[in-house]
Protein chains: 2
Amino acid sequence: MRIRVEEAIRKLGYSPDPAASALASKVTYNIGLLLPSLTNTVFEDVLEGIYQGSEDTRFFIQIGDTRYSALKEEALIGTFLRQKPAGLIVTGFEQTEKARGMLAGAHCPVVQIMDFGEPPIDMSVGFDHEAAGYAAARHLIECGYRTPGAVGARLDSRSRRRLDGFRKACQEVGLWDEHRMVITPQSSSVGLGRHLLEELLSRDQSVDAVFCNNDDLGIGALMEARRRLISVPEQLGICSFHDMEMTQHMYPALTAIATPRFQIGKMAIDMLLAEIEEPHSVKRRNIDTGFKLVVRDSTRRAG
Amino acid sequence: MRIRVEEAIRKLGYSPDPAASALASKVTYNIGLLLPSLTNTVFEDVLEGIYQGSEDTRFFIQIGDTRYSALKEEALIGTFLRQKPAGLIVTGFEQTEKARGMLAGAHCPVVQIMDFGEPPIDMSVGFDHEAAGYAAARHLIECGYRTPGAVGARLDSRSRRRLDGFRKACQEVGLWDEHRMVITPQSSSVGLGRHLLEELLSRDQSVDAVFCNNDDLGIGALMEARRRLISVPEQLGICSFHDMEMTQHMYPALTAIATPRFQIGKMAIDMLLAEIEEPHSVKRRNIDTGFKLVVRDSTRRAG
DNA sequence: TTGACGAATGATTGCGCAATCATTTATCAC
DNA sequence: GTGATAAATGATTGCGCAATCATTCGTCAA
């Protein structure tokens with residue numbers, strides 16, 4: 001009987017209507033993914049992990065681009081929930097009150113990614129951004145740099161906390177001056193990195209090290225240093241953030257805080273699928289992935 | 001009456017069920033977008049254009065990642081069509097026979113992007129890759145380079161045609177040797193760009209210019225040249241492809257064939273929305289956006 | 001053979017909306 | 001005021017499936 005039916009399916013080229021299925025069963029095989037940006041290389045790797053973890057399952061990843069706007073995010077959460085997703089992955093902890101309410105009341109598991117600290121709405125996987133910024137500062141200080149600065153763009157809460165951590169570590173050893181923190185709401189780019197280093201140097205010519213809030217800025221800073229014939233790492237140490245593939249191939253290679261973006265994506269989808277399969281089966285619901293300092297030539301001073 | 005209804009909607013927090021709507025009307029507000037890769041910066045800008053063009057409309061972009069596989073693409077086209085999308089955007093002209101059949105029979109407009117040449121299934125917007133490669137070669141030749149090579153990765157049909165065009169221009173002036181074409185099926189990265197230049201130089205030390213099939217490779221080649229103390233552009237001219245933001249900030253800045261990725265995305269979504277709004281209203285259904293040679297220091301030899 | 005039980009199969013209902021048709025109400029010219 | 005037309009409103013049906021219930025069939029022990 002089953003065989004006969006399956007033969008007919010093949011012969012007629014039948015395939016079920018997902019809309020009818022969703023209407024009748026009140027659930028779909030869609031997994032909603034909310035990212036603040038798709039044009040930010042940081043999220044490419046997260047995406048890669050999520051795709052890899054959901055390949056060959058019946059689930060379909062539906063991406064929403066919030067453009068770093070909590071309101072757009074709120075609207076998208078509404079749109080997604082209306083479609084009765086099987087699960088939801090959202091970036092960070094900074095949803096609007098209403099969005100948090102919707103997520104808390106959702107009839108599906110929810111994973112918050114890229115951050116660690118606050119208790120999650122449901123589950124979370126990420127790392128502590130303040131600790132990461134702190135680690136960057138400690139590294140520069142231990143390398144002997146004494147006039148550290150920092151540059152940052154597109155200041156979402158996570159970026160801000162990285163800079164907070166950096167500032168804190170510098171203050172602890174009495175090496176901080178707030179003038180050496182150059183930030184802008186503009187979205188980050190290599191060109192902006194060059195510009196921000198320029199601004200930093202114009203504010204304080206004695207700056208001997210800079211923490212760049214992400215790799216675009218790091219590469220930009222490196223190129224600007226090169227243009228000005230400022231030697232890296234001797235005259236200027238550069239520590240980048242995220243460590244995308246490119247940074248290790250720069251010349252000199254960039255020291256960076258490497259963030260486990262692929263792993264975060266993979267763990268998030270794994271947790272989500274497990275929880276969809278068997279509700280309440282996931283035990284560790286709030287995961288700190290940590291980060292890693294990768295020391296390369298851009299901070300490796302002789303002596 | 002209308003007012004009373006809308007008040008009730010607000011009060012009850014009612015929002016229509018998209019599944020029921022899709023079932024009853026046989027159409028949704030989803031626009032399917034098939035890209036070969038999301039971790040390729042090339043498509044970020046396309047995406048940006050599409051998002052910008054669909055913002056504040058009732059349409060929702062649904063992304064599918066084909067991972068450069070025609071079979072995955074075929075499967076995704078099936079998945080998308082089952083959802084009765086309002087429109088579809090697919091990359092390139094290399095669909096499987098079956099996929100082309102499905103697209104041709106789709107009850108919605110279809111735009112093929114990133115390529116120009118073949119007659120489209122429905123509509124298309126892109127540029128001629130062979131002509132772009134040809135232009136790169138002509139530029140290097142006109143700069144006086146006499147031993148041009150080329151490196152390429154991830155050889156989809158478009159990449160291949162770029163290299164074909166490059167080869168053709170070199171052959172026309174008797175400057176070609178197939179040994180100076182180094183290609184690999186690996187996916188492109190900066191590290192790979194370094195490696196491919198290494199390979200190219202090991203095959204023929206007299207190479208004095210290289211065309212890189214995309215910017216990752218171009219930046220990698222530049223970094224490798226730097227490491228080997230090969231001066232750019234004097235000893236080695238480098239021409240990159242696509243011209244993402246970063247290339248102009250390299251040191252020396254990279255000459256590149258700039259491709260109008262944002263514009264392609266924007267035009268594609270505009271054509272699609274117009275056609276959804278009013279079938280057969282779009283007149284120019286096969287658009288050649290062209291490309292632009294941007295000359296910078298990496299090919300600007302003194303004399 | 002009989003009864004009892006579980007598995008396989010068949011028949012029915014409702015999900016929430018859009019589309020269609022049937023009805024009522026408003027609008028206007030004469 | 002009348003009739004004719006257009007607009008607004010109301011009632012009904014069906015989209016294609018999943019879930020539920022009702023039925024039949026097969027299996028086995030007594």
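Proteins come first, then strands; the chains are lettered A, B, ... in the order of their sequence lines, and each starts at number 1.
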A.B. asks: Determine yes or no for a side-chain-to-main-chain donor-acceptor pair under 3.5 angstrom, with B:T28 supplying the side chain and B:K84 the backbone.
C.D. replies: yes
A.B. asks: Quiz question: by atom type and distance under 3.5 Å, do the side chains of B:Q112 and B:E118 form a donor-acceptor pair?
C.D. replies: no
A.B. asks: Between A:K84 (NZ) and D:dA18 (P), how many Å, whole number?
C.D. replies: 13 Å
A.B. asks: Taking the side chain of B:S25 as its heavy atoms from C-beta onward, which of D:dC17, C:dA19, C:dC17 lies nearest to it?
C.D. replies: C:dA19
A.B. asks: Quick check: does any side chain N or O of A:T66 sit under 3.5 Å from a backbone N or O of A:K72, one acting as donor and the other as acceptor?
C.D. replies: no
A.B. asks: From the set D:dA18, D:dG16, C:dG16, return the single nucleotide nearest to any side-chain atom of A:A20.
C.D. replies: D:dG16
A.B. asks: May I have the distance from A:Y14 (atom OH) to D:dC15 (atom C1'), rounded to whole angstrom?
C.D. replies: 13 Å
A.B. asks: Does D:dG16 have OP1 or OP2 sitting under 4.0 Å from an N or O in the side chain of B:K26?
C.D. replies: yes
A.B. asks: Nearest-Å distance, CD (A:Q83) to P (C:dC17)?
C.D. replies: 14 Å
A.B. asks: Of the nucleotides C:dC17, C:dC15, D:dC17, which one has an atom closest to the side chain of A:L23?
C.D. replies: C:dC15
A.B. asks: So B:F291 and B:F127, would you call those rings parallel, tilted or perpendicular, with 30° and 60° as cut-offs?
C.D. replies: perpendicular
A.B. asks: Heavy atoms from C-beta onward define the side chain here; which of D:dA18, C:dA18, C:dG16 lies closest to that of B:D17?
C.D. replies: C:dG16
A.B. asks: Whole-Å distance between C:dA18 P and B:Y29 OH?
C.D. replies: 8 Å
